[in-house]
Each structure stands twice: as C-alpha cells, then as structure tokens.
Amino acid sequence: MKIAFVGKGGSGKTTLSSLFIRHLAACRAPLIAVDADINQHLGAALGLDEAETAALPAMGAQLPLIKDYLRGTNPRISSAETMIKTTPPGEGSRLLRVREDNPVYEACARTVQLDDDTEVRLMATGPFTESDLGVACYHSKVGAVELCLNHLVDGPGEYVVVDMTAGSDSFASGMFTRFDMTFLVAEPTRKGVSVYRQYKEYARDFGIALKVVGNKVQGADDLDFLRAEIGEDLLTTVGHSDWVRAMEKGRPPRFELLEETNREALRTLHGSADSSYDRRDWRRYTRQMVHFHLKNAESWGNAKAGADLAAQVDPSFVLDERLLATPQPA
C-alpha cells in the first residue's frame, strides 16, 4: 500500500509519519519510507543524528541513474534524457518492488536501525541547497520520487510511506494521485480545519482516499471541535506524548513504551490503510498517471526534451501487482 502523510507546516505530519513507520516496522511489514518534505526531517524523527541525516543520499542527485534503470528496454523512450518526472512505464520498463534490491535502492536508500531488532529502508529527496535559492522550484527535487512511484508495483501487506511537503504544495504535481491512502494531520484549530477543506476539494475529482488524523488533541473540547468540522473523515486522534517529547530530544525510549492510546491510534491508521486495498483500481491509477504526463509534456516537457513526450505512453500497458510475478527486462 502506498501511503502519504500531508498537512500544514507544524501540524505534526512528520512526527506522525515517523510513528506510523515505526509501527509498521515493529509489525515486521515490508516497508520503504520516503522523505519528500522540503524540510527533510524524517530521518531525524526516525532517530538519525544531524551528521547521519546530512549523509543521506539525495534522490534528485541520482536522477540520471534512476531514469536509466527504469527505462529498461522500453522502445517508446528514445533515451533516458527524454524521461521527465511523469514518464509512465510501458512494455520493457523496469519496475520497482518493495521486496528487492536494485541499483536505485543501492544508490538512494539507506537502512535506518530503529529499535534493536527493527529497521527501515529510508529514501530522501535531498535538501533545498544554497545553489537552488532563487533559481529552482522545490518540486524539481521531488521529481525523482514521482518517477519512482510511477514505476513502483506493490502487493498486499507491503508499504511505501511518504512524508509529503507541507501545505497545498503537495498538489503542485500529480504525485498526490499515487497513493492508496492519504492521511491528513490536522490540529484542532481553524487553520487546521481550513487545510483539510482545501485538500478535500483538491482530492475530490481524483478519487483520493483521504482520512484525517487529529493531532495535539488535549481534551473533549478539541475532539468535539474536530468532529463537528470534519465529520466522518476524522479517523482518529493523537494527544500529548512523553515518548514523542523524548524522541524530539534525541533520546527515544523503545517504541513498545509509546503510550497505549497513541499505539491504538497507529493501529487504527494501519487498519484503515489495509482496508483501502479492496478499493485499488490499477486502471484508474494508470490513467491518472498518463493524464498528468500529457499535461506536463504539453506544458513544459516537450520543449525541454525536444521531443513529443506523448509518444512515451504505452496505451496497452496497465501498472498492476500481477506484474510482480513478471521477470524484469535484462
């Protein structure tokens, strides 16, 4: 299942995504975590120190390798240089799988040790550098993530958890349609609710499964407020956590010591994500992928590549988990 965490800055989005990642790891679930937030804090939330976080390889810096690998033997793609962030897979493309080793993971992923006996494979877009200031858009950084998600095929009981960039920027590319479940982290405030309404409006036309996690909920009044403003989209809430405070100081206790009420909230997220499996529609998923590719091709991609990128679309290809049983192209 591909799962996104979104929300306004300061809502606790990265903290909640890191807790959910720890929960899945403790359940021994096959898992890949991706930091696609402009602030790049997920590594620290998973226990890395500053030096270790800074040493994470940037996916954006490995884009030529990623393109070359994913292109495979796809005859519709004349060269890796003509691939853009929205290029869809087709016959001959190489696909990424959660339970495998490949050159993309070797270059871009690092294994993060959580507790003594749990770990997670972490990938990160890379920080917004000084050389980017004033001349680059951060969405160019997450292009590598979007391209990988376009070529990723996952089955039941497998998870890809992406900590998305804050605010409505998550909708500045087609990547928001790449997920089976989107968890929006909202505080019990007018701003928190307004972000939810904005996301709800954006997601409506694309069939996005959206559930709200109320964060920093301190009592019955906060809970009543969220219920009144959000209604049935409110999935669960998370309150104060001494465990999280210790984690933010760089001294997290063992994850099994997280408060039971908050562990129950994570189990609710897990169940909700799993329940979305029966609603998976690979044809819609592929159709939306192609839709955003054609929009990007017409808007800027054709001019940049010097080619008609609509020709990259393989009309007979559908990304589907049945391809998990298909050998990769040589």
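At least one donor-acceptor pair closer than 3.5 Å links the side chain of R110 to the backbone N or O of E106. A donor-acceptor pair is defined here as one N or O able to donate and one able to accept, closer than 3.5 Å; no such pair exists between the side chain of D180 and the backbone of S276. No donor-acceptor pair closer than 3.5 Å links the side chain of N215 to the backbone N or O of V185. Side-chain atoms of D35 come within 3.5 Å of backbone N or O of H41 as a donor-acceptor pair. A side-chain donor-acceptor contact under 3.5 Å links S18 to the backbone of T15. In this structure, S299 contributes its side chain and N296 its backbone to no donor-acceptor pair below 3.5 Å. The backbone N or O of K13 lies less than 3.5 Å from a partner atom in the side chain of S17, making a donor-acceptor pair.
Annotation for G10 and K216: closest pair O-NZ, 2.7 Å, computed over non-hydrogen atoms. Scanning all heavy atoms of the two residues, the minimum distance from N302 to A310 falls at OD1-N, 4.5 Å. Here the closest non-hydrogen pair linking P30 and G157 is CD-O, 3.3 Å. Nearest heavy atom pair, residue P57 against residue C108, reads CG-O, 3.5 Å. When every heavy atom of I230 is checked against every heavy atom of Y196, the shortest pair comes out as O-OH, 3.6 Å. Annotation for P315 and R76: closest pair CD-NH2, 3.6 Å, computed over non-hydrogen atoms.
The shortest side-chain heavy-atom distance between Q198 and L184 does not fall under the 4.5 Å cut-off. Contact of the V145 side chain with the M123 side chain is not registered, since no non-hydrogen atoms from C-beta on lie closer than 4.5 Å. Residues I84 and W300 meet the side-chain proximity criterion, which asks for heavy atoms closer than 4.5 Å. Counting heavy atoms from C-beta on, the side chains of L31 and V98 never come closer than 4.5 Å. Contact of the R28 side chain with the T118 side chain is registered, since non-hydrogen atoms from C-beta on lie closer than 4.5 Å. Side-chain contact between N150 and T87 is absent, with no heavy-atom pair separated by less than 4.5 Å. The closest side-chain heavy-atom distance from L258 to L266 is below 4.5 Å.
Sparse packing is recorded around CZ of R227, with 12 or fewer heavy atoms of other residues, nucleotides or ligands lying under 6.0 Å away. A 6.0 Å sphere centred on CD of Q113 holds more than 12 heavy atoms belonging to other residues, nucleotides or ligands. Heavy-atom neighbours of R267 CZ from other residues, nucleotides or ligands within 6.0 Å: above the threshold of 12. R284 CZ: more than 12 foreign heavy atoms inside a 6.0 Å radius. At most 12 heavy atoms of other shown residues, nucleotides or ligands fall within 6.0 angstrom of atom CD in E232.
For E158, the salt bridge (charged side-chain N to carboxylate O under 4.0 Å, His left out) partners at least two apart in sequence or on another chain are R99. Taking the side-chain contact (heavy atoms from CB on, under 4.5 Å) definition, one finds that S93 meets it with N74, P89, H151, sequence neighbours left out. Residues satisfying the side-chain hydrogen bond (donor to acceptor under 3.5 Å, both in side chains) test with D222, not counting sequence neighbours, are none. Taking the side-chain hydrogen bond (donor to acceptor under 3.5 Å, both in side chains) definition, one finds that H293 meets it with T86, Q312, sequence neighbours left out. When the salt bridge (charged side-chain N to carboxylate O under 4.0 Å, His left out) test is applied to R204, the partners found at least two apart in sequence or on another chain are E201. Legend: residues meeting side-chain hydrogen bond (donor to acceptor under 3.5 Å, both in side chains) with T14, ordered by chain and number and at least two apart, are D163. Residues passing the side-chain hydrogen bond (donor to acceptor under 3.5 Å, both in side chains) test with N102 are E100, sequence neighbours excluded. Every salt bridge (charged side-chain N to carboxylate O under 4.0 Å, His left out) that D233 has, sequence neighbours left out, goes to K200.
Cation-pi geometry between R263 and F255 is met: the NZ or CZ atom falls under 6.0 Å from the ring centre, inside 45° of the normal.
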- Message: Determine whether Y202 and I208 satisfy the following criterion, side chain to side chain contact (heavy atoms under 4.5 Å, CB included), listing intermediate values before the conclusion.
- Response: CA-CA 9 Å; Y202 288 154; I208 306 302; over 6 Å; no

- Item | side chain to side chain contact (heavy atoms under 4.5 Å, CB included) between V34 and L42, intermediate numbers included | CA-CA 8 Å; V34 182; L42 183 59; over 6 Å; no

- Task: Could you walk me through whether V193 and F225 pass the side chain to side chain contact (heavy atoms under 4.5 Å, CB included) test, one step at a time?
- Result: CA-CA 10 Å; V193 169; F225 174 81; 3.6 Å; yes

- Verdict with reasoning, I21 to L122, per side chain to side chain contact (heavy atoms under 4.5 Å, CB included): CA-CA 10 Å; I21 289 164; L122 173 64; over 6 Å; no

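Hydrophobic cluster membership for V318: L95, V153, W282, Y285, M289, F317, L319, L323, L324 (Ile, Leu, Val, Met, Phe, Trp, Tyr linked by side-chain heavy atoms under 4.5 Å, directly or transitively). Counting side-chain heavy-atom gaps under 4.5 Å among Ile, Leu, Val, Met, Phe, Trp and Tyr, the cluster of V290 also holds L294, V313.
Screening residues 42-55 for side-chain hydrogen bond (donor to acceptor under 3.5 Å, both in side chains), with sequence neighbours left out, gives no hits. The ring-ring contact (aromatic ring centres under 6.0 Å, His included) analysis of residues 256-279, with sequence neighbours excluded, yields the pairs H23-H270, Y159-H270.
Put simply, CD on E91 and CG on D314 are 7.0 Å apart, with the number rounded to the nearest 0.5 Å. With values rounded to the nearest 0.5 angstrom, I66 atom CD1 is found 13.5 Å from R94 atom CZ. Atoms CG and CE, from L149 and M175 in turn, are 6.5 Å apart once rounded to the nearest 0.5 Å. Here T236 contributes atom OG1 and K211 contributes atom NZ; the two are 11.5 Å apart, rounded to the nearest 0.5 Å. Residue L19 holds its CG atom at 9.5 Å from CG of L269, rounded to the nearest 0.5 Å. Separation of atoms CD (Q62) and CG (D68) is listed at 12.0 Å; rounding is to 0.5 Å.
Under the 3.5 Å distance criterion, with hydrogens and angles disregarded, a donor-acceptor pair is assigned to the side chains of S241 and E259.
Taking the six-membered ring where tryptophan is involved, the planes of F176 and F292 are perpendicular, since the angle between them exceeds 60° and thus also 30°.
Residues L309 and I77 are members of separate hydrophobic clusters, defined by side-chain heavy-atom contacts under 4.5 angstrom among Ile, Leu, Val, Met, Phe, Trp and Tyr. Transitive grouping of hydrophobic side chains (ILVMFWY, heavy atoms separated by less than 4.5 Å) brings F179 and V142 into a common cluster.
In summary, E81 and R71 do not engage in a salt bridge, as defined by a charged side-chain N under 4.0 Å from a carboxylate O. With salt bridges taken as basic N to acidic carboxylate O contacts below 4.0 Å, none links R280 and D320.
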